[in-house]
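Since the structure comes first, as structure tokens, the remarks are kept for the end.
In the text below, chain A, chain B and the rest are named by the order of the sequence lines, each starting its count at 1. No hydrogens, no waters, no symmetry mates; every other heavy atom, side chains included, goes into these values.
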2 protein chains.
Amino acid sequence: MRCSKVLHVEQKIDAPVSTTSQAPAWKQRAVERSTKAAKLRAEQRVERFLDAAQAIIMEKRTTDFTVQEVVEQSRQSLRSFYQHFDGKHELLLALFEDAMQRSADQIRAAASGQSDPLDRLKVAVHLLFELSRPGPTAQRPLFTEFAPQLLLSHPTEVKIAHAPLLTLFAELMTQAEAAGRLRASIKPRRAAALTMQTVMFVAQSSSVADDEHTHPITSEEAWDFCASGFAAP
Amino acid sequence: MRCSKVLHVEQKIDAPVSTTSQAPAWKQRAVERSTKAAKLRAEQRVERFLDAAQAIIMEKRTTDFTVQEVVEQSRQSLRSFYQHFDGKHELLLALFEDAMQRSADQIRAAASGQSDPLDRLKVAVHLLFELSRPGPTAQRPLFTEFAPQLLLSHPTEVKIAHAPLLTLFAELMTQAEAAGRLRASIKPRRAAALTMQTVMFVAQSSSVADDEHTHPITSEEAWDFCASGFAAP
DNA sequence: GTCGGTGCGAGAATAACATTCTCGGATATC
DNA sequence: GATATCCGAGAATGTTATTCTCGCACCGAC
């Protein structure tokens, strides 16, 4: 169900005060066994919190849950929550990071179905667009939903969370470059960052219907724009 | 100092229950004089709240002010605040709308200095980029700062607030199209929307330094990207 | 088996805000 | 001067996040 690797959370459990190299070996081992067990338990608890939050988000179709709800759903205690997370924001961050990682995986898999480098990029862009748009379509956590919140309070961490996706797009761009399909004047990583941002944010806004005659921007348009820009050749 | 036209706020003062066409004329006039005065006062009050909020934002370099602070700074009362605004979000919206309007004006003025349509667009993009990035540079209210918050809670209103900028870019794009400088396959308004979004959001993220070797994306890169895309011609 | 310690559930206490309500006092209207 | 309206001051309420305090259950040591 959930990624087993625990993200930027965990730590703050095993803080042995004097397990430096001068302690007797048996003591070291004992302490280690103890801390290892503790760490395991901690991971399971963190896991349960994350799953609970996930479940709530899925059910309420929004990221506006309270810590209380998470605690109740996970059948643990508030005390425990704050023992494992620095605050709500860390929980959100963890979920966000997880969602990004999964999305990156999913997109990578989808893109690998194409042989032409530009087709790979195209598939990636379309899928990212779909995954980024809010609304009922989002089976996956509504993963762009809290990005804005976090972007304000913890921009650095958000950037870290973006890393897997950025890496993926950088890979695809590099392949395109190798095939001579990239404009000479642009670096793959740069193109990747710009494309990613554009697609994600445009997708996000595309949910709200322009009340009037104007239709929201589509995945196809976003792709065309990123690929070709707007200026005449 | 501030735009005189009051935005989407005001109203909710003059709600005459029976000023329809069947009331006697003298009464109508009396009521009108009264409501007009009331409206005037209301506008001044709204004005003071907006100015106060602006001042606080400028001073604290963040949009995280409390309603209390605004009330105190404006030397009015909480009661009055809630009589004129539906809540804090309306105040934010008003500020945001105002900031967008001013930015649009500023950009339009700057762009008009160029004669070539693409140069106009280029100037517009660069200025928008500068205005959108947070940090100490922002002499103007940090106007993208609350956009994310509002985008979540009131997407429709945010879209409305974007209108002046969108219109401006649409104008510039249309001029470019008329001069045959736009790709044939793209509609001016679409190009405008895409460019605007891309520039604003990329600028926003560009503030956080990629901790490592990577430099943040520059205004110039954003322009190149929007104008030419990433694919080889 | 009992003792001291530790992990943790339950939930009370605190704090920061937004939002609402209530009370007078000023000012204007008749 | 009586009365209605507006409005400042600030108390009251409600919602969360976050911290604190208790007490119990488990575990290894003696």
Seminar exercise, completed: In B/S/- notation (B base, S sugar-phosphate only, - none; protein heavy atoms under 4.0 Å), nucleotides 6-16 of chain D written 5' to 3' is SBBB-B----S

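The side-chain heavy atoms of Phe225(A) and Thr198(B), taken from C-beta on, include a pair separated by under 4.5 Å.
Atom CD of Glu220(B) has more than 12 heavy atoms from other residues, nucleotides or ligands within 6.0 Å.
In this entry the distance linking CZ of Phe81(B) with P of dT19(C) reads 7 Å, nearest Å. Per the geometry, CZ belonging to Phe49(B) stands 13 Å off P belonging to dT19(C), to the nearest Å.
Using cut-offs of 30° and 60° for the angle between ring planes, the His84(A) and Phe49(A) rings count as tilted.
Between Tyr82(B) and dT20(C) there is no side-chain polar atom (N or O) within less than 4.0 angstrom of OP1 or OP2.
Electrostatic pairing of Glu130(A) and Arg133(A) counts as a salt bridge here, judged by a charged N lying under 4.0 Å from a carboxylate O. Lys60(B) and Asp64(B) are not joined by a salt bridge, as no carboxylate oxygen comes within less than 4.0 angstrom of a charged side-chain nitrogen.
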